[in-house]
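Within every chain, numbering begins at 1; the chains are lettered A, B, ... in the order of the sequence lines, protein sequences first and strands thereafter. No experiment lies behind these values; they were computed from the predicted model shown.
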Amino acid sequence: MNLYPNILTPPMDSPTSSMMSPGSDSRSPTHLFTPYQLPNPYLRIREPPVDKFRFRYKSEMSGTHGSLNGKTSDRSRKQTFPSVELSNYNQPAIIRCSLYQYGREDMAHTRQLHAHRLVKKHGSDEIDDPHDVSVNCDLGYIANFHSMGIIHTARKYIVAELIRKMTILKREEIARTEHQFRSLTKKEELEVKALAEKESKCINLNVVCLRFDAYRIVNNIYYPICPPIYSPAINNLKSALTGDLRIVRMDHCTSPCRGGREIFILVEKVTKKNIKVRFFELDDDDNEVWEDYGRFSDLDVHHQYAIVFKTPPYKHSEIDKEVRVFIELQRPSDGARSEPKDFSYIPSEISIGKKRTRLNSGDYTNSYFSIDELPVTLNTITPSCNKEITTSVHNTTINSEDLEAALKQNNIDSSEFDKLCNSLIGTVPMRELFTAENLTTRELKSLVFSGTSIKHPVVQEDGVIDQVKSELTSFMKTEPSSDRICLMLKALIQGENYITLNKNTVLHLLAAEIHTEDEFATYLLQLVKKFEKGKLLNVRNVSGQTPLHLAVEFGNKTFVEKLIEVQADITVQDKHGNTPLHMAVLEGVPNDILLTLISVYQNLNIEVDVYNYDGKTPLHMAVKSNNLHATKLLINCGANVNAIERKKGYTPLHLAVLGQNVDILNYLLDNTEAEWTREDFAQYNPFKLAKELMDCHDKQTFETYRIVENHLSSTNSRCEIDFVKKYSEVTDFSDECKNSLSDILDKNDTWKRLGKSLDFGHILHTDAFAAVQHPSKSLLTFAIVNGRSVKEIRDALVSLNEKKAVEIIDKMVMQY
DNA sequence: CGCAGCTTCCC
DNA sequence: CGGGAAGCTGC
């Protein structure tokens, strides 16, 4: 069997694999120096550098500015650094890290020096690249490059910097070929200078990469052991050419499917000639099935921070339901993209018109009624009783006996329905029903919605309800067949003469009434349910609202219940994408209406997190309207407490902070899984938002901030407790941990300082420690045996400021 | 001059 | 430290 299955070639996923073709690099006379018959040595990146980093100018380098971390570095727990490993080699060597220009992967061997400086902090001084790290059998063949920063060389110094770097390399090259050290000749200097000047013209100052070399040193001369390898690109975080693309905010998150909607988006720094707004759609398997671009010109990009564009048309010019797509920024120069945001295409028209057209031209109109002539057309239903009905049609004040008779006569076979009719007739005198004061809908509306700004269609004809009532009553007296009832219902609900200007049907009008017409409403709804299978219950008005929307909006609890009882569709979205549930959480709507709706959601197991066209779920709206009760109900019903609102990426917590809704804020923080770490599109978490909004003179904002902060600190202290608890469970170091610690503590007699700190000063001089190869390992074992806890040893290292060692121990404990 | 990009400065 | 912005420079 092959003992080195993966060693001859580095893993294929390694970004450096293209460098490894054997013998491809004539500059590395590997064969001359290979001491044993080992497979070819090679370098491998264990941890690439982060791909985005802020390059600092020299003038910015005073004080500490974070170092170039490894890609998997985590701010809070584990900091990592760029790291490489030399394999198939067993002699002392050095691994070098220097700064190079980034270029195409397949052209890596042609990459040139970069004019920026890779500086490493060592105490107070900065050391320029190249950085050499010694490796050997004892130390292992891994080199970590920490505390490095990238200094952005100012334009005017670029040539000088290149010359400086090139000269160093040239001298090493001379030593290698001539086996002696000497300065450059005048001619060589000129060559270097010419090269530097040529290079300086085409360097991309906002992208660099790290190059790693492995050398063996003979008589101070560096001989490459293997071909160099390069890290992936490191982009300058501060540049508009390479910086993060981000959509921070948008004023709309939907567009009609025909496109052309003007949208303003705020973005992180972009350059006008180098930015696109891309829309795309993914299918269920994440395959892209459509894309198009927002339409705008240079003039529409405002100061690098805002773009005004028109949406492209969706691939279909007509859609019958919302289509979810994504919107993102795209930078042509390097293909970079922003994080995509949710966006929706919505049908261009409310489909009510379509339905009615079909009905009007369809079966019943031609064969039975002519819509134009209604209500007169009723006459044609039963030619035999034309006269009778006609008279009652024009007389809207039917007496209760008429209705009573109609109700009695209708031959509905469902016993339940009969029961309903009987109870209706039995419990409420019909006389009362009809002689009751004729409250107008307008009066009722003002009664219920005094002071609220909810917009709703104004009913144009108060008489419609009465009219329908009388039509229906008379009609039912004729003992019509089921078919005919069905047609009659269609006519009364969708016929043009019974629809107001805003396309409200009689059901909409009933929804807007309160406490009047209860019995008639029940009767009508049951008829529709029974004979029409409920289809007419969900007819939409000009705003796309169903009767249920209106009943909810008007706080008409009984009608909501009636509609639900006859199984009206509660998922219909109006033209703003609002479901009745969205309306139910608004201020002024009685809580029990919401409760009624929610119980339906629960029974039918329907998703409550529906987004309206404003990009909000009912929960967002509940929080926004400071409705604690609704917030609780929705969350209990399974609403996602961390759902993101689509225009600015706010979670319910953000919204609570923003509205200073203290009760909701407390509730979300204390009783739900709402996460304060969630960031909005502008990368503000709710805490940061609260801090930003805080004004010491404003009690409200201050209180809001205090709540979030208190919650945070109590969570943190809880973390601290967890931390201590975790430590109490770990009684010894793992071998792996000991090895890592020994790499650090064996050096510079650090282990001695640790020993002293642990009160073992008296025995530090004995051979027990000093004579062994890894004194710190012995010390650690000794310390544990002598009753020191892992935590005590860790804390001792904290006081010695051995951050790396502390980190290693923390990591071990956390993984325990 | 005005805009963008570059550099420095500041908290 | 990261973010913001002022001031400078070249087009």
field: Quiz item: A:Arg155 side-chain donor-acceptor pair to B:dG5 base, under 3.5 Å
entry: no
field: Interatomic distance, A:Leu237 CG vs C:dG2 P [rounded to whole Å]
entry: 8 Å
- line: note: A:Glu679, atom CD; C:dG2, atom C1'; distance rounded to Å ~ 13 Å
message: Under a 4.0 Å threshold between the charged nitrogen and the carboxylate oxygen, would A:Lys156 count as salt-bridged to A:Glu161?
response: no
message: Output the rounded distance in Å from CD (A:Glu60) to P (B:dC10).
response: 12 Å
query: A:Tyr684 OH to C:dG3 C1': how many Å, rounded?
result: 9 Å
message: Output the rounded distance in Å from CZ (A:Arg246) to C1' (C:dG3).
response: 14 Å
message: Output the rounded distance in Å from NZ (A:Lys691) to P (B:dC11).
response: 18 Å
- prompt: Can you tell me if A:Arg261 and A:His252 form a side-chain donor-acceptor pair at under 3.5 Å?
  reply: yes
query: Is any side-chain N of the basic residue among A:Arg706 and A:Glu709 closer than 4.0 Å to the acidic one's carboxylate O?
result: no
field: Nearest-Å distance for atom pair CG/P, residues A:Leu205 and B:dT7
entry: 8 Å
- request: Examine A:Arg646 relative to A:Tyr611 and say whether NZ or CZ is less than 6.0 Å from the centre of the six-membered ring and inside a 45° cone about the ring axis.
  value: yes
- prompt: Can a side chain N or O of A:Tyr57 be found less than 4.0 Å away from OP1 or OP2 on B:dT7?
  reply: yes
query: Separation of A:Lys58 atom NZ from B:dT7 atom C1', in whole Å?
result: 14 Å
